[in-house]
Structure formats: C-alpha cells, structure tokens
2 protein chains.
Amino acid sequence: MNIGDVADRSGLPANTIRYYEEIGLISPARDNNGYRRFAEQDLHKLAFLARARALGFTIEDCRALLALYEDDTRASADVKRIARDHLRRIEAKIADLRAMQDTLTELVDACAGDARPDCPILRDLGREG
Amino acid sequence: MNIGDVADRSGLPANTIRYYEEIGLISPARDNNGYRRFAEQDLHKLAFLARARALGFTIEDCRALLALYEDDTRASADVKRIARDHLRRIEAKIADLRAMQDTLTELVDACAGDARPDCPILRDLGREG
DNA sequence: GATAAGGCCTCCAGTAACTGGAAGGTCAAG
DNA sequence: CTTGACCTTCCAGTTACTGGAGGCCTTATC
C-alpha cells in the first residue's frame, strides 16, 4: 500500500502519517522509488493511533500505549494508569469549560444584541477590581 | 508603573504583557531608560484582557472586544455575536470531551489494572474495523 | 566608589500536533 | 510523449505563550 491507500483506510491525512513516521511512531518500509510501502501491520498501528488520538490521548500517551500494545508481558495496570490520568485531565478541562459556559451564557443572555452601545458583556470584562 | 507592578496587579506574567505589546494589544509608553511605563489605562486594558482570556476568548476575539470596548458608538449586537460564537465553540468542545469521557470511563472501569496483560482498553484501541 | 541584588531590556528557541505549500521525482493511461 | 495523479523532502505557519541567555539600569549596602 502507498500512503494514499493507508490515508483512506485509516482516516488519517497523508501528512499526518508522514509526521507520525518522522516522530518515530511508525516505520514503514520503502520501495526502490522512495515511496513508503505500508504493510497491514502499519495500517493496524495507524488505526490504533487514530482511535487513541480521537480519545484525546497526547502523542506521547499514544507512544506509550502503542509500546504496551506490542508488549505481551505488559501489566494492564500500566495501561489503566495512563487512561485514568488522561480521564482526569479531561474532567478538569470539562469543569473549566463549564465554568466559562455558565458565565458566558449569563452574559450573552443579558445582552440585548441590538444597535445600542450598552453591553453587559463589555461591562463585565471592563469592571474594576 | 513598571512591568512588574502591572504584572502583580493584573495577574498576568510580565512575559505575557510583553507579548501583548508585541502583537499590538497594548502600547505602553517608554521611559528614557527604555523601561515600559504603564498608565492606569494600560492596567485597565490588561485586566480586561486577563478576564477575556480567562473566559476562553482567543487573542483575536480579545482584540475585537477591546476595540468595541473603546468604541462608544459600538452596537452591542457585535459584542454579542462574538460571545455567542465563542459560547458555541465551548459547547461543542464540551460535547467532544464528554464523548471522550464516556468512552474512557467505560474502558477504565472495565480494566482490571493489575499485573496481567489482558486489557480492555488496548483491546478497544486495537480492534479491527 | 565598588559591589551585589533585583528589575528591566531584547532576542531567540521551544511547546503540541499538525497543516499547507513549493519544487520536483514517478507512474499509469491514452 | 504528454497529462494528471501520486509520491518525495523541506520549510513556514498555526496558538499563546514560556523560559532562558546576555546585558543594561537602579538601589542599597559596605
């Protein structure tokens, strides 16, 4: 398979796949013409990466998860720790965003949104203190 | 005021304040020795920016909001549009994160997290299809 | 007057994870 | 033999800072 094929089949852009090779997540073979030649195993890894990224894992998390995936002697505790830490970060992020959402919702609701200059949003942002 | 004073009073790091000047959000005066000299008005702008950033507005949003803030003839509709668009992005982000949270919570709960290699998390990431 | 501490300056590299584009080689079809 | 679709590498740009090097300025102390 060429890069276009694995891009189609993994759902990842070709440039992203090149990037993953550059940072050492995958190591596809090369044809005589210099084209990357992807085996089924490479595609499988890319699909793994695509799913892990879709769950919001960082690239370094993905690197660790991939290593564990390929290690038959891994302890599931190691995997779970990565996932739990990531879950905590997501929960923290959600809490931050919800606080913003609450404030913004109030402000947007309070703003007339017409041609007049008076605006509770700006008043809040510019308040003293 | 020197930069250290406004940093303390606005809660923004000095480097961030320098950055805001570099991208044209503020334009403090300069003393003969080259030090930035901040007026109360500069501090007020920085506090405005700090609050807008804390609500998650992008720098470009902040630039637009600041311009509206200083324009007596603004229409509150323009402010509201920026805030509403931002709110929508936040809501979308929350939805994404909650989807991740749901999946991750399931996977983490299903994983024994012990010394054995068997792991539902990796099984999910590596599934075919 | 020398010195040391602390604040300020500019410039630059690095962060995360790509994305898009330029310049150019390769391949299959007509 | 040319056209067009792929592929290659390399590089700049994205967001919003952060940290550090190297060096000047100020103030206090000895």
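First the proteins, then the strands, lettered A, B, ... as listed; each starts at 1.
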Problem set entry | Check: B/Asn15 side chain, D/dG19 base, donor-acceptor under 3.5 Å | yes
Exercise. Does A/Asp118 pair with A/Arg123 as a salt bridge, N-O distance under 4.0 Å?
Worked result: yes
Problem set entry | Sidechain N-carboxylate O distance under 4.0 Å for B/Arg88, B/Asp85 | yes
For this session: In plain terms, say whether B/Glu21 and B/Arg18 are close enough for a salt bridge, that is, a side-chain N and a carboxylate O under 4.0 Å apart.
Result: no
Exercise. Is there a residue in residues 49-70 of chain A whose heavy atoms reach under 4.0 Å of DNA chain D, and which residues are they?
Worked result: none
Exercise. Between B/Asn2 (CG) and C/dG6 (P), how many Å, whole number?
Worked result: 17 Å
Problem set entry | Interatomic distance, A/Arg18 CZ vs C/dG21 C1' [rounded to whole Å] | 12 Å
For this session: Ignoring backbone atoms, establish whether B/Arg36 has a side-chain N or O less than 4.0 Å from OP1 or OP2 of C/dC9.
Result: yes
Exercise. Between atom CZ in A/Arg37 and atom C1' in C/dC27, what is the gap in whole Å?
Worked result: 17 Å
Exercise. Would you call B/Asp61 and B/Arg89 a salt bridge, using N to O less than 4.0 angstrom?
Worked result: yes
Exercise. Is any NZ, NE, NH1 or NH2 atom of the basic residue among B/Asp42 and B/Lys45 found under 4.0 Å from an Asp or Glu carboxylate oxygen of the other?
Worked result: no
Problem set entry | Strand contacts (DNA chain D) in residues 19-33 of chain B, 4.0 angstrom heavy-atom criterion | B/Tyr19, B/Tyr20, B/Asn33
Exercise. Rounded to the Å, how far apart are A/Tyr35 OH and C/dG25 C1'?
Worked result: 7 Å
Exercise. Under 4.0 Å between a side-chain N/O of B/Thr16 and OP1 or OP2 of D/dA16, yes or no?
Worked result: no
Problem set entry | Nucleotide C/dT26, atom P - distance to CD1 of A/Ile3 in whole Å | 17 Å
Exercise. Step by step, would you call B/Asp96 with B/Lys93 a salt bridge (Lys or Arg N to Asp or Glu O under 4.0 Å)?
Worked result: CA-CA 5 Å; B/Asp96 285 354; B/Lys93 187 88 193 175; 6.0 Å; no
Exercise. Taking NZ, NE, NH1 and NH2 as the nitrogens, is one of them in A/Asp114 or A/Arg116 under 4.0 Å from a carboxylate oxygen of the other?
Worked result: yes
For this session: Show the numbers, then the answer: is there a salt bridge (Lys or Arg N to Asp or Glu O under 4.0 Å) between A/Arg9 and A/Glu40?
Result: CA-CA 11 Å; A/Arg9 293 178 58 185; A/Glu40 283 297 329; 3.6 Å; yes
Exercise. Is any NZ, NE, NH1 or NH2 atom of the basic residue among A/Asp124 and B/Arg51 found under 4.0 Å from an Asp or Glu carboxylate oxygen of the other?
Worked result: no
Problem set entry | Length of the line joining B/Leu12:CG and D/dT18:P, which is rounded to integer Å | 9 Å
For this session: Find the distance A/Asp8:CG to D/dA5:P and express it as a whole number of Å.
Result: 15 Å
